[in-house]
Amino acid sequence: MRFVFAPVLLFLVQPPAQVPAQAADLAAAFAREHVTIRSNFSGAEIIIFGAVENAPLTGKNGHHMIIALSGPPRTISIWQKQKIGAIWRNHQRASFEDVPAFFALTASAQPNAMLPAKRLEVLGLQPGPRPRNIAAENASGFADAFLRLMRQRGLWPEQSAPIEFLSPSLFRAHFFIPPLAVPGAYRADLFLLHQGQVIAQKRLSFSLERSGLAAQVFSFAHQHALFYGLLAVALALFLGGTVSALFARR
Amino acid sequence: MPIYLPIAETSLDLFLLLLMGGGVGVLSGLFGVGGGFLMTPLLIFSGIPAPVAVATEANQVAGASVSGTLAYWRRSAVDFKLGSVMILGGAAGALAGVFIFSAFRAAGQLDLVIRLCYVLFMGCIGSLMLLETARAFIRLAAGLPPTRRRPGQHNWIHGLPLRLRFTRARIYISAAPVLLLGALAGVLSAIMGVGGGFLLVPAMIYLLRVPTNIAIGTSLFQIIFITSLTTVLHAVENVAVDLMLAVPLVISAAAGAQLGARAATRLRPEMLRGLLALLVLAVAGQLALSLVLQPDDVFSLALPFALPLDLPVEIP
């Protein structure tokens, strides 16, 4: 518990004149800059490597780090069922506009131990999506449902593995992107913190792309829908007929 | 081994997929049905978004009907004229069905409509089949032949105007009920991802008085066209046909169906019909429960994110 309050207290004790805290350098990179969704895609491990230079030591009074990984923005809809007559059916829909289709946070310690919640929110490290087109009294129910449903699918995981410091300066962070992840540009925001202050930050990005057969099927289905449909029919008729004939002979 | 389904935007184990296809294939061969009514709920229960499950299953049923049609054709048990008139009605039905499908999807009620259709149609057909089976067994016990003589007299349908002669089916009836039946099958194909044989065959036998083997052959023939059309329409209108899902299903179901058909020769037909009736009722019951019982979570995500949902529904 002591740990939780320490940085906040330090921040309060320090005179504002000292705010331009000690600068540091941050170097980091993704282990892979392109992650591809192939036909055997079942999720992907995302690894960030990096080094901190000229920074105060880690530990209780040293530096800490937070990394947020966020996916491409999407409008995500959530339905709420209600019992109407004897049947449960979708009744109300809330849309969350421009929310990252993936969001995960990792840190070298509890993020809210390093920075107060408000600062986390300002830095985009604690997104609280608000639904549009929904009355205020229902909004919080939908917001909770959003976090819960996205978490269940691994799209907004509650907790990622903490950042590992391999040496006082060398670090490594892990994320897992589930199979349901939306392709597009993903970015990581790294913040190096010291005594409640951001002393260095860096933005990295990589793209999650469909590739190989999965990509071709997807783009064909969307761009040439009619020919795609005809191909699907031709394939089904041909394969259905051929396989039946093969198995009937024996 | 996981396989990524680009349209469903999720991945599923390939062996599980083949197992499901093969299993449903065996049952469809055993009972002489398309299997769409089993596969679509199975896909939905395994996490495939309902629109993708229905559209892809229509595609699979098209492939599953080829060998049956050829077999009945060889035995001269397909009435092409009757089939063509049905296809005419079916095309209109499929078009309407896909339109209804899109409208309900935009309104977030597609899942409900699919489940309701299944409960309604499967419940009715399953109960009727079970009743028929019970009757057959009672007749057997009484020492009578298991199937009743097909009534020879005409009913009101045969009095309708616009009559056409269908030589092979040996009927001379109005085109209207044939078109209507085709249309109904088309709508169901688009909304439920089935061929509709479960409805067409009994309707042809009992309402139109078509001989049983010609009813089956003709129904199979028209199902190829209707499910093919449904597939293309769903691909264009909803981008919901997943080739990576359809191909393994078509292959495994076709193989399974041949094995099932061989096993079927060793079972009594009344027994088979009774088992099918129980299976149909089990699917309907499962879906009915899912509508009536309180869901684990009353909130749900509208999936997949990439499916076009152009018609935003404003909730006041």
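What you see below is based on every heavy atom in this structure, not just the backbone, and it leaves out hydrogens, waters and symmetry mates. Note on naming: letters A, B, ... go to the chains in the order of the sequence lines (proteins, then strands), and numbering restarts at 1 for each one.
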Would you name the heavy atoms of B/Phe299 and A/Ala145 that are closest together and state the gap between them? CG-CB, 3.3 Å
If every non-hydrogen atom of A/Lys83 is compared with every non-hydrogen atom of B/Val292, which pair is closest and at what distance? NZ-O, 4.0 Å
Taking the side chain as everything from C-beta on, heavy atoms only, tell me whether A/Ile87 gets closer than 4.5 Å to B/Leu116. yes
Between B/Asp297 and A/Gln152, is any pair of side-chain heavy atoms under 4.5 Å apart? yes
Between A/Lys81 and B/Ser300, which heavy-atom pair has the shortest distance, and what is it? NZ-OG, 4.0 Å
What's the spacing between B/Leu291 CG and A/Trp88 CH2 if we round to 0.5 Å? 12.0 Å
Tell me if a side-chain donor or acceptor on A/Asn90 pairs with a main-chain N or O of B/Gly108 at a distance below 3.5 Å. yes
Is the number of heavy atoms from other residues, nucleotides or ligands under 6.0 Å of A/Phe220 CZ greater than 12? yes
Side chain to side chain, A/Leu235 and B/Val247, heavy atoms closer than 4.5 Å: yes
Heavy-atom pairs under 4.5 Å with chain A are the metric here; pick the option from B/Val232, B/Asn59, B/Leu233 that has the most. B/Asn59
For residues B/Val250 and A/Val243, determine if any side-chain heavy atom of one lies less than 4.5 Å from a side-chain heavy atom of the other. no
Closest non-hydrogen atom pair, A/Gly229 against B/Ala235: CA-CB, 3.6 Å
Which of A/Leu237, A/Leu230, A/Leu239 touches chain B most, by non-hydrogen pairs under 4.5 Å: A/Leu237
Does the side chain of A/Tyr228 reach to within under 4.5 Å of the side chain of B/Leu243, using non-hydrogen atoms? yes
Between A/Ser244 and B/Ser67, what is the shortest heavy-atom contact and its length? CB-CB, 3.3 Å
Is there a side-chain contact between B/Tyr4 and A/Leu213, using heavy atoms and a 4.5 Å cut-off? no
Measure distances from B/Ala255 to the heavy atoms of chain A and classify the residue's part below 4.5 Å as side chain, backbone, both or neither. both
The interface call for B/Ala257 against chain A, heavy-atom contacts under 4.5 Å, is neither
Under 4.5 Å from a heavy atom of chain B, the part of A/Ala214 involved: both
Would A/Met150 and B/Leu301 satisfy side-chain contact (heavy atoms from CB on, under 4.5 Å), going step by step from the backbone distance to the final call? CA-CA 8 Å; A/Met150 295 296 273; B/Leu301 281 175; 4.0 Å; yes
Residue, of B/Gln294, B/Gln60, B/His234, B/Arg115, that accumulates the most heavy atom pairs under 4.5 Å with chain A: B/Gln294
Counting heavy-atom pairs under 4.5 Å with chain B, which one of A/Ala225, A/Gly85, A/Ala215, A/Gly141 comes out on top? A/Ala225
Taking every non-hydrogen pair under 4.5 Å, which of B/Val61, B/Ile224, B/Leu12, B/Leu293 racks up the most with chain A? B/Leu293
Under a 4.5 Å heavy-atom cut-off, does chain A meet the side chain of B/Leu112, its backbone, both or neither? side chain
Looking at A/Phe176, I want to see if its CZ is surrounded by more than 12 non-hydrogen atoms of other residues, nucleotides or ligands under 6.0 Å. yes
Is the number of heavy atoms from other residues, nucleotides or ligands under 6.0 Å of A/Phe238 CZ greater than 12? no
If I compare all heavy atoms of A/Ala221 with all of B/Val239, which pair ends up nearest, and what's the gap? O-CG1, 3.6 Å
Heavy-atom cut-off 4.5 Å, strictly under: side chain, backbone, both or neither for B/Val66 against chain A? side chain
